[in-house]
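See structure below.
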There are 2 protein chains.
Amino acid sequence: MSNRYASAAAHPGPGAPKTARGARTRARVLKAAESTFGAMGYHRAGISDITREAGVAQGTFYNYFAGKEEILRELVRDMGHQVRARLAAEVVGARDRLEAEEKGLRAFLEYLHENPYLYRVLQEAQFVDESIYREYYEAFGRGYLRMLADATRKGEIRSGNNEVRVWALMGMSNFLGLRYALWEGDVPFDDVVATISDLFRHGLAIDGQERKP
Amino acid sequence: MSNRYASAAAHPGPGAPKTARGARTRARVLKAAESTFGAMGYHRAGISDITREAGVAQGTFYNYFAGKEEILRELVRDMGHQVRARLAAEVVGARDRLEAEEKGLRAFLEYLHENPYLYRVLQEAQFVDESIYREYYEAFGRGYLRMLADATRKGEIRSGNNEVRVWALMGMSNFLGLRYALWEGDVPFDDVVATISDLFRHGLAIDGQERKP
DNA sequence: ATCAAACGTGACTGAGGTGTCATATTCAGT
DNA sequence: ACTGAATATGACACCTCAGTCACGTTTGAT
């Protein structure tokens, strides 16, 4: 597909577009919503900001979306697909789970750096409608969990509560992304990835010490 | 102190209170803001919701705070002190860094479970004024970094980029807290802590394997 | 007891922004 | 070319809410 927003036409709004022109317009509005929400934030952004950015009249907005909240929902879904597809693509060819984690973390940092709006839109969505946000991370987590389970079966990683691990890993990526991909680029992604890779390979402890030696 | 909001009187508003009554009122408004923001969210909450909750008139609000944003700032500062104090207290007596991490994570999960408003207020603050949010995590991170540096010096943990580690650890706690302390209690904190402890002691890899054996 | 400063009140207003609607234009099938 | 459906328009009605203000009440120092 030539336009990453085109698939959105599949989700019915107050009236799903029925002509090519309609689909184009809807896509333009959705794209404008991404940059407007991303730049101004969901609450500061008005519908008129979105439609101005899209180059359409205010009324047009309501031909395709029930309101501000619905377009946000649409956007989060769309962005979720994007990230997952990107990460999945970057991770193929990894020889084991640990290498996949490295590649995945680096890809995530790069993606966030290129698409800084993702973070803002997603995190703000959390307080507009929690279910959008949960849906995103639960979808993400399900895929992640499958991979960890595979790796456990193959003996690539220690056995343990993989669900808890998934949430820990997502949290790590999230904060590292915020700090090093969005806020300040004072540490190269390679260093970040190397540090986390070391954590995965050896833990924090000196040589796997136990509490009671 | 008998009232956890009393210290807030130290921060000057449009007019810092000059009588005991004024200090009490200001504290009541700040407390009401916490529960109102926590329950309704920053944007949905109106000043009138806060003052109603506090049992004062709308005008009273502006005797102590310049506006909605300023009271949020105050609140985040106050809450930051609370958490750090609590975690510091829970962690004393740990025999090494790894034990401290365990105690700290458990304490954080418990704190979040008892004070669910912290999460919401803090995360929403991020999009109202990013500097409030950065200030919180940077303060938190500075303390954390000191402890990791100490632990490195004592030979309790592997050497590595402790700053990156700090952000990774904060991210983990944040997401684990959201998932297991706020959303669903389907996994006991003990299991969460044990899983993360295992990660710190041994990593994810089977027995510290290297990529090229 | 007195008084000036501090505090408390709540109705009001003005800005900002969502969603509507009557009307105009474009599309696509015949 | 013709025509009904789909789409686009933008002015406007309506509402929410932050912040103000003039006036009444309480405090605490002398």
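Here is the naming used below: chain letters follow the sequence lines, and residue numbers restart at 1 for every chain. Here the structure is a predicted model, which means the values were calculated and not measured.
- Between Glu70(A) atom CD and dG19(C) atom C1' there is a gap of 14 Å when expressed in whole angstrom units.
- Counting to the nearest Å, the P atom of dT16(D) and the NE2 atom of His43(B) are 18 Å from each other.
- Distance CG (Asn63(B)) to P (dG19(D)): 14 Å, rounded to an integer number of Å.
- Less than 4.0 Å separates DNA chain C from at least one heavy atom of each of the following residues of residues 46-61 of chain B: Val56(B), Ala57(B), Gln58(B), Gly59(B), Thr60(B).
- Using cut-offs of 30° and 60° on the angle between ring planes, the pair Phe189(B) and His113(B) is perpendicular.
- Taking each heavy atom of Tyr42(B) and Glu124(B) in turn, the nearest pair found is N-OE1, 2.8 Å.
- In this structure a side-chain-to-backbone donor-acceptor pair under 3.5 Å is missing from Asn115(A) to Tyr117(A).
- Checked against the 6.0 Å centroid threshold, Phe127(A) and Phe127(B) do not count as a close aromatic pair.
- The closest donor-acceptor contact from the side chain of Asn161(B) to the backbone of Val164(B) lies under 3.5 Å.
- Distance CZ (Phe65(A)) to P (dT20(C)): 16 Å, rounded to an integer number of Å.
- Partners of Ser173(B) under the side chain to side chain contact (heavy atoms under 4.5 Å, CB included) rule, at least two apart in sequence or in another chain, are Leu105(B), Phe108(B).
- Side-chain contact, Glu163(A) with Tyr180(B): a donor N or O sits under 3.5 Å from an acceptor N or O.
- Between Arg201(B) and Glu102(B) a salt bridge is recorded (basic side-chain N to carboxylate O distance below 4.0 Å).
- The separation between Glu69(A) atom CD and dG17(C) atom C1' is 16 Å, rounded to whole Å.
- Proximity of Tyr62(A) to the phosphate of dT7(D): no side-chain N or O atom is located under 4.0 Å from OP1 or OP2.
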Problem set entry | Per-nucleotide protein contact string for nucleotides 22-30 of chain C (B base, S sugar-phosphate only, - none; heavy atom under 4.0 Å) | ----SSS--
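- One atom, CZ of Arg26(A), and another, C1' of dA6(D), lie 16 Å apart when rounded to the nearest Å.
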